[in-house]
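Comments concern the structure below.
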Number of protein chains: 2
Amino acid sequence: MGSIKSNGRRVFLNDEECPIRNVVAQIGDKWSILIMFALIDAPDRFNSLKSRIEGISQRMLTQTLRDLERDGFVLRTVYPQVPVKVEYELTELGKGLSASVWTLVSWADDHHADIRKARQQYDEVNAE
Amino acid sequence: MGSIKSNGRRVFLNDEECPIRNVVAQIGDKWSILIMFALIDAPDRFNSLKSRIEGISQRMLTQTLRDLERDGFVLRTVYPQVPVKVEYELTELGKGLSASVWTLVSWADDHHADIRKARQQYDEVNAE
DNA sequence: CTGTATCCACCAAGATACTG
DNA sequence: CAGTATCTTGGTGGATACAG
């Protein structure tokens, strides 16, 4: 549909072409990043992930894992035992994304204090 | 509330401490990144931003700019002319964030084809 | 153990109309 | 020009029950 330009580079807004829409928006949801980070060190099983990521529901874990699998970030392997065991691990693509995201989260962590201070100031000035 | 560990580093889930929740989630919305990228090269006025970022509504532009201002990423300056002129620009903090985000978007752009291919494959295998 | 299937509440976000 | 005020709605995500 449209686009903006930044640093001489076109950033598309339409859903087909825009990397922001297609990638950043996908992992900008509530759980994607947390799940990927939980898989950075080693593969893990469904229920183990569920207990490590506090607050996530079974439904959201399943759904988010499916989305990550669909995008090629996560590989799902079923071991036909009884009871069945399902392991999730990052693909090479997923590892690359995680590394990129880590840069951002790292920045966020380093500047967390500044941001909280800015918020506090803003709220004081615009006191309700 | 809880936390997960990644690379030997604790990633908190509670709203007070978690940098993912506090920063990534904030800019993971529909418009924040696009607005910041629109301001990377130079400051801009409200209506100019509105026309450059196609598809954004007046309401969302105002609201997202307020949030970015509150977090200290954007500076708002009012010039008391007639008609009034309001300029928005990135702060140093905002420039730092934009740079970090750019890394991610850049990665996304480079691997966009892989992701789309993965999706296509997934959808073929799981044909409805 | 690893899911799927429903139902439902909430809220982000669009449309529209109005204002300093 | 640069907003604010309402109203409405689609979709995200939680709770719960059930199944292979």
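Sequence lines set the chain letters: A, B, ... in the order given, protein chains first and strands last, and positions in each chain run from 1.
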From [atom1] ([X]) to [atom2] ([Y]), nearest 0.5 Å:
| X | Y | atom1 | atom2 | answer |
| --- | --- | --- | --- | --- |
| A/T64 | A/L68 | OG1 | CG | 6.5 Å |
| B/W102 | A/T103 | CH2 | OG1 | 15.5 Å |
| B/D71 | A/R119 | CG | CZ | 4.0 Å |
| B/Q26 | B/F73 | CD | CZ | 8.0 Å |
| A/I115 | A/H111 | CD1 | NE2 | 8.0 Å |

Can you confirm whether [X] sits close enough to [Y] that some side-chain heavy atom of one is under 4.5 Å from a side-chain heavy atom of the other?
| X | Y | answer |
| --- | --- | --- |
| B/K30 | B/I56 | no |
| A/L104 | B/L97 | yes |
| A/Y122 | B/R66 | yes |

Spacing of B/E87 atom CD relative to D/dG3 atom C1', expressed in whole Å: 17 Å
Rounded interatomic separation in angstrom, taking NZ from B/K50 and P from D/dA2: 12 Å
Test item: A/S51 side-chain N/O and A/S48 main-chain N/O as donor-acceptor pair under 3.5 Å: yes
Intermediate values then yes/no, side-chain contact (heavy atoms from CB on, under 4.5 Å), A/S98 and A/L90: CA-CA 9 Å; A/S98 296; A/L90 290 183; 3.6 Å; yes
Contact residues, residues 73-85 of chain B to DNA chain D [heavy atom, < 4.0 Å]: B/R76, B/P83, B/V84, B/K85
B/E92: partners by salt bridge (charged side-chain N to carboxylate O under 4.0 Å, His left out), with sequence neighbours left out: B/K95
Five-pair end axes of the helix from C/dC1-D/dG20 to C/dG20-D/dC1, angle between them (10°): 50°
D/dG3 OP1/OP2 closer than 4.0 Å to side-chain N/O of B/Y88: yes
Candidate pair A/F37 and A/V101, rule side-chain contact (heavy atoms from CB on, under 4.5 Å), full reasoning: CA-CA 9 Å; A/F37 281 1; A/V101 173; 3.8 Å; yes
Heavy-atom protein contacts under 4.0 Å, nucleotides 7-15 of chain D, coded B base, S sugar-phosphate only, - none: ------BBB
Under 3.5 Å donor-acceptor pairs involving side-chain atoms of residues 76-87 of chain B, not counting sequence neighbours:
| from | atom 1 | to | atom 2 | distance (Å) |
| --- | --- | --- | --- | --- |
| B/R76 | NE | B/Y88 | OH | 3.3 |

DNA chain C: 5'-most and 3'-most nucleotides touching chain A, 4.0 angstrom heavy-atom criterion: C/dC1 to C/dT6
